2 protein chains.
Amino acid sequence: MTIGELANESGVNAKLIRHYESIGLIPKAARTESGYRFYKESDIQFLRFIKRARGLGFSMKEIKKLVGLWRNKTRASKEVKSLAQEHILDLESKIREMQEMVDNLKSLAKTCHGDARPDCPIISRLEGEK
Amino acid sequence: MTIGELANESGVNAKLIRHYESIGLIPKAARTESGYRFYKESDIQFLRFIKRARGLGFSMKEIKKLVGLWRNKTRASKEVKSLAQEHILDLESKIREMQEMVDNLKSLAKTCHGDARPDCPIISRLEGEK
DNA sequence: TATGGACCTTCCAATCATTGGAAGGTCAAA
DNA sequence: TTTGACCTTCCAATGATTGGAAGGTCCATA
């Protein structure tokens, strides 16, 4: 299986697969005589694993840990769970932050008449009034 | 006023002030004979403006626009408002995405017993079961 | 006056995850 | 044999910031 086929099957593009190899997230692929990387079926599942973890917003660092836990069949579910829970807390705090931004912006936008006049409370607030 | 003093007053550190100058967000500072940048009082307000906008999650690109609108006293409030509203939509869509991640992770974490046993639904799900 | 330390300068590199391009080699079918 | 789709490596950009190195300047104190 070439890198392109693996990319199709896994949904992770070839460029990114090479990149993952270069940062050590996935092992170095075997090569054909001419230097092409080749892969086996089980590599599809591996890349999908990574893709799903990215989809849940895990960082590459966290994914490295997850991959380690995944590969190690004797890992404790405790470790996995606590990794997930830390990540939940991270996400929630970012959500709160962004929600505050939205709330602020909405209240500013509401008081801005939004016509051709130059007066705008959004700008005034950024200027430091209040 | 030196760059360090400006940094103190504005809350934007000196390194970042230089960086903002280099990307053209703020004009090139005047220099003393020995090459030190020097600033006037009104620069404090300017940097605070930028800092507040960053605090609301605007990108540097958006901030460049905001700065332009701010400086141009005849700008229409409409432009400012629509910039803000686009940004609100951006933020809200990111929030939704992250909230979905959290929901997924929470439901996975709930079914993970979190003890010393190796079985863990979080891992299974990443593997592709279901 | 000398020296120390706090400040300033520029430039280059790292972060994070990914994408892009350039320049070249390989493969398979027409 | 030529075309075109694929593969290879390497280098650079993204966005916002931070870090360090190597060096110059300023001011106060010994």
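Below, read A as the first sequence line, B as the second, and so on, with proteins coming before strands; counting in each chain starts at 1. As the structure is a computational prediction, the values presented were derived from the model and not from experiment.
Contact check, R18(A) against dA17(C): no side-chain N or O comes under 4.0 Å of OP1 or OP2. Contact annotation: Y20(A) side-chain N/O to dA17(C) OP1/OP2 distance is not under 4.0 Å. Of the side-chain N and O atoms in N13(B), none sit less than 4.0 angstrom from OP1 or OP2 of dT17(D). Under 4.0 angstrom from either OP1 or OP2 of dT8(D) there lies no side-chain N or O belonging to S34(A). Contact check, R31(A) against dT26(C): no side-chain N or O comes under 4.0 Å of OP1 or OP2.
Rounded to whole Å, the distance from CZ on R37(A) to C1' on dT9(D) is 9 Å. Per the geometry, NE2 belonging to H19(B) stands 18 Å off P belonging to dG20(D), to the nearest Å. Between the CG atom of N8(A) and the P atom of dA5(D) there is a distance of 15 Å, given to the nearest Å. For E5(A) and dC7(D), the CD to C1' distance is 12 Å, given to the nearest whole Å. A straight line from NZ of K61(B) to P of dT17(D) spans 16 Å, rounded to a whole angstrom. To the nearest angstrom, P of dC10(D) lies 13 Å from NZ of K15(A).
Residue T32(A) is out of contact with every strand shown, counting any heavy-atom pair closer than 4.0 Å. Among the atoms of the strands shown, none is found under 4.0 Å from any heavy atom of I23(A).
Mapping M60(A) and F38(B) onto DNA chain C via the closest heavy atom, the residue that lands nearer the 5' end is F38(B). When each of Y36(A) and L16(A) is assigned the nucleotide of DNA chain C bearing its nearest heavy atom, the one mapping closer to the 5' terminus is L16(A).
Looking at R117(A) and D115(A), a side-chain N of the basic residue comes within less than 4.0 Å of a carboxylate O on the acidic one, giving a salt bridge.
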N104(B) and E100(B): side chain to side chain donor-acceptor pair (under 3.5 Å), yes or no, with the steps? CA-CA 6 Å; N104(B) 276 325; E100(B) 270 176 41; 5.6 Å; no
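Below 30°, between 30° and 60°, or above 60°: for W70(B) and F46(B) the angle between ring planes is between 30° and 60°, a tilted geometry.
Looking at R54(B), its side chain does come within 3.5 Å of a backbone N or O of F58(B) through a donor-acceptor pair.
Taking the side chain as every heavy atom from C-beta outward, L6(A) and F38(A) never approach each other to under 4.5 Å.
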